[in-house]
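Letters A, B, ... mirror the listed sequences (proteins, then strands); counts begin at 1.
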Amino acid sequence: MKTARRDLAELADEFVIGLCDPEEQREVEERLMKEPELAVLVELARQRFAALDAATPREAVPDSLWHRVEKRLDAVEESLVAPEAKESHAEAPVDLRAEREKRSRSLVWTAAASLAASLVLAIALVWNLMTTIEPQVIAVLVNDAGQPVAMIEGAENNATEVTLLGETDVPAGTILQLWTKPDPDGPPVSLGIFDEPKQTVLQAAGLPVPKPDQLYEITFEQPGGSPTGLPTGPILGKGLAREPR
Amino acid sequence: MPESASEVNHAALLSACARKDRTALRQILELEGPKMLGIAKRMLRRQDLAEDALQDALVLIWRKASQFDPAKGSGRAWIYAVLRNRTLNMLRDGARETATDDDRLERQIDGSDLNDAWEMLGHDSELRRCLGRLETEKRSAVLMSYIWGYTHGEIAGRLSAPLGTVKAWVRRGLSSLRECMS
């Protein structure tokens, strides 16, 4: 092994800054799996240099990039659907609804594998339209004039269905972003962005189950969403959640 | 946003990716995409190649998200490591050779993004302070590797120094940084 006699701290640093040749790089990647000491040194080196990543000037990401990524995810999903479903069974607590959804989806994908890409897309679209939310809370957002502008239905798993009410004028060059405050004293958290004034389901991760009296708010933001991670644009409307009865 | 809040966020997004939640991947793109693209472009010098690198990195993040262990490191650092890894592999596979002569010429006469990168670290940055203590050639060698993705050989060419000397500069530079920042 080429890297066997190297000083570990030095090897970790050179791996992180990118100075390992391809053979050394492969070796380090393998060794990381079984040598905790090396893994810790690599993590420390990453943290030492992370400030350089954070200080990199931003480059505008073209909107089309996400669509290109999604096409490739479709391909990954199609080829890996069986083994990956097995893996997640073992690890995650079983969520029956998600499981059913996954199974139906893998059926859809298997059936569609031989069909044209456009047909696959059509099936996915229909699937999305058929997915409905069992709301834990409902909020009606109102604008400054007190007019209702949107209805928010928040599910236990943080899927949120947004239905815009009446005519919504989205200024050119902006998109809509939905926010909520899971902690009344904490900062607003983004639930997702959408750009078409119609019914949309947004899926956020890692948030607590929505509660009554939780604040929801929609703002106009630049494409891609607020650059700061907090609402920056004008407010379309806001409102507090209530439990459906 | 406080550091801890942003860390929780990235780890949660990665675990959502592991559960095949596409909106989580999209959020990673929205949060980090512009910087990730900036990093890839500084190495690859071409917009189209940099976009390919970002795209590949997102697909890799999606596929490998279940391997990320929040107990072992920061989610944000993991995301950037995947991007840097992919970009470096593209470079080593010869992507830089296909960059136009103009790009390379520009790089030849203009090393300013190297200085910018260091100066953008901010006056209170520990990394900046410690890089500032290094002799110029050691600092340049480390930064050329991290920021431009240069190999030892490319650094030697750029600094007109023998390969062995460059290797020693890098090693001493890295070891000084480890001491200074520990």
Side-chain angles (χ1 to χ4, degrees), chain A residues 7 9-10 13-14 16-19 21-22 25 29 36 39-40 42-62 65-66 68-70 72-73 76-77 80 84 87-88 91-92 98 102 187 190 192-193 202-207 224-225 227-230, chain B residues 1 5 8-9 12-13 15-16 18-27 29-31 33-35 37-39 41-42 50-51 54-55 58-59 62-63 66 72-74 76-77 80-81 84 88 92 116-117 120-122 125 127-128 142 145-147 149 151-152 170-171 174-175 177-178 181:
Chain A
D7 173 78
E10 189 181 282
D13 272 3
E14 292 195 0
V16 166
I17 72 169
L19 276 177
D21 66 34
Q25 195 185 324
E29 278 164 9
V40 167
V42 163
E43 179 62 23
L44 289 175
R46 277 179 186 154
Q47 286 174 13
R48 272 201 295 283
F49 287 99
L52 283 171
D53 296 333
T56 307
R58 293 162 165 269
E59 291 274 339
V61 177
L65 196 132
W66 173 249
R68 282 181 268 156
V69 170
E70 274 210 302
R72 291 177 53 188
L73 297 190
V76 172
E77 226 160 84
L80 294 180
E84 291 215 345
E87 264 174 32
S88 54
E91 282 169 17
K102 212 183 284 166
S190 175
I193 61 174
L202 304 173
Q203 181 70 57
L207 293 179
T228 63
L230 292 169
Chain B
M1 200 183 281
V8 168
N9 207 356
L13 288 173
S15 79
R19 295 192 307 270
K20 300 296 167 223
D21 173 357
R22 287 191 185 187
T23 35
L25 188 68
R26 177 142 199 190
Q27 270 177 280
L29 174 60
E30 284 160 12
L31 277 171
K35 290 212 165 172
L37 190 59
I39 289 168
K41 198 173 165 186
R42 228 164 25 182
E51 285 178 21
L54 174 57
Q55 214 174 298
L58 287 165
V59 175
W62 178 254
R63 292 175 63 172
S66 59
K72 287 189 188 150
S74 117
R76 193 166 190 279
Y80 279 90
R84 287 182 47 81
L88 285 168
R92 305 290 183 252
D116 289 351
M120 275 181 75
L121 284 173
S125 153
L127 181 60
R128 181 183 166 136
V142 170
S145 161
Y146 194 83
I147 291 175
T151 59
H152 284 119
V170 169
R171 282 175 192 178
L174 289 172
S175 116
L177 284 179
R178 278 199 301 276
M181 293 181 76

Top contributor to chain B interface from [options] [non-hydrogen pairs under 4.5 Å]:
| options | result |
| --- | --- |
| A/Ser190, A/Pro57, A/Pro22, A/Gly225 | A/Pro57 |
| A/Leu65, A/Asp7, A/Val40 | A/Leu65 |
| A/Ala54, A/Ala45, A/Pro36 | A/Ala54 |

field: Gap separating the CD1 atom of A/Ile193 from the OG1 atom of B/Thr23, nearest 0.5 angstrom
entry: 11.0 Å
Which atom pair, heavy atoms only, marks the closest approach of [X] to [Y]?
| X | Y | result |
| --- | --- | --- |
| A/Trp66 | B/Arg22 | CH2-O, 3.5 Å |
| B/Ser145 | A/Leu19 | OG-CG, 3.3 Å |
| B/Leu127 | A/Ala51 | CD2-CB, 4.2 Å |
| B/Leu31 | A/Arg58 | O-NH2, 4.1 Å |
| B/Ser74 | A/Glu43 | N-OE2, 3.1 Å |
| A/Pro62 | B/Leu37 | CD-CD2, 4.5 Å |

message: Taking the basic N atoms (NZ, or NE/NH1/NH2) and the acidic carboxylate oxygens, is any pair closer than 4.0 Å for A/Glu14 and B/Arg171?
response: yes
Does any backbone or side-chain atom of [X] lie under 4.5 Å from a heavy atom of chain B? Answer side chain, backbone, both or neither.
| X | result |
| --- | --- |
| A/Ala39 | neither |
| A/Asp21 | neither |
| A/Glu70 | both |
| A/Leu44 | neither |
| A/Ala9 | both |

message: Quick one: does any side-chain atom of B/Arg84 pair with a main-chain N or O of A/Ile17 as donor and acceptor, under 3.5 Å?
response: yes
Does the side chain of [Y] come within less than 4.5 Å of [X]'s, by heavy atoms?
| X | Y | result |
| --- | --- | --- |
| B/Leu29 | A/Val69 | no |
| B/Leu177 | A/Asp13 | no |
| B/Arg178 | A/Arg48 | yes |

Leading residue by heavy atom contact count with chain A [cutoff under 4.5 Å; candidates B/Arg128, B/Met120, B/Gln27]: B/Met120
Largest heavy-atom contact set with chain A, pairs under 4.5 Å, which of B/Val142, B/Leu88, B/Leu174: B/Leu174
task: From the options A/Leu52, A/Asp53, A/Thr56, select the one residue that forms a side chain to side chain contact (heavy atoms under 4.5 Å, CB included) with B/Ile147.
output: A/Leu52
Per-residue contact mode, B/Glu51 against chain A (heavy atom under 4.5 angstrom): both
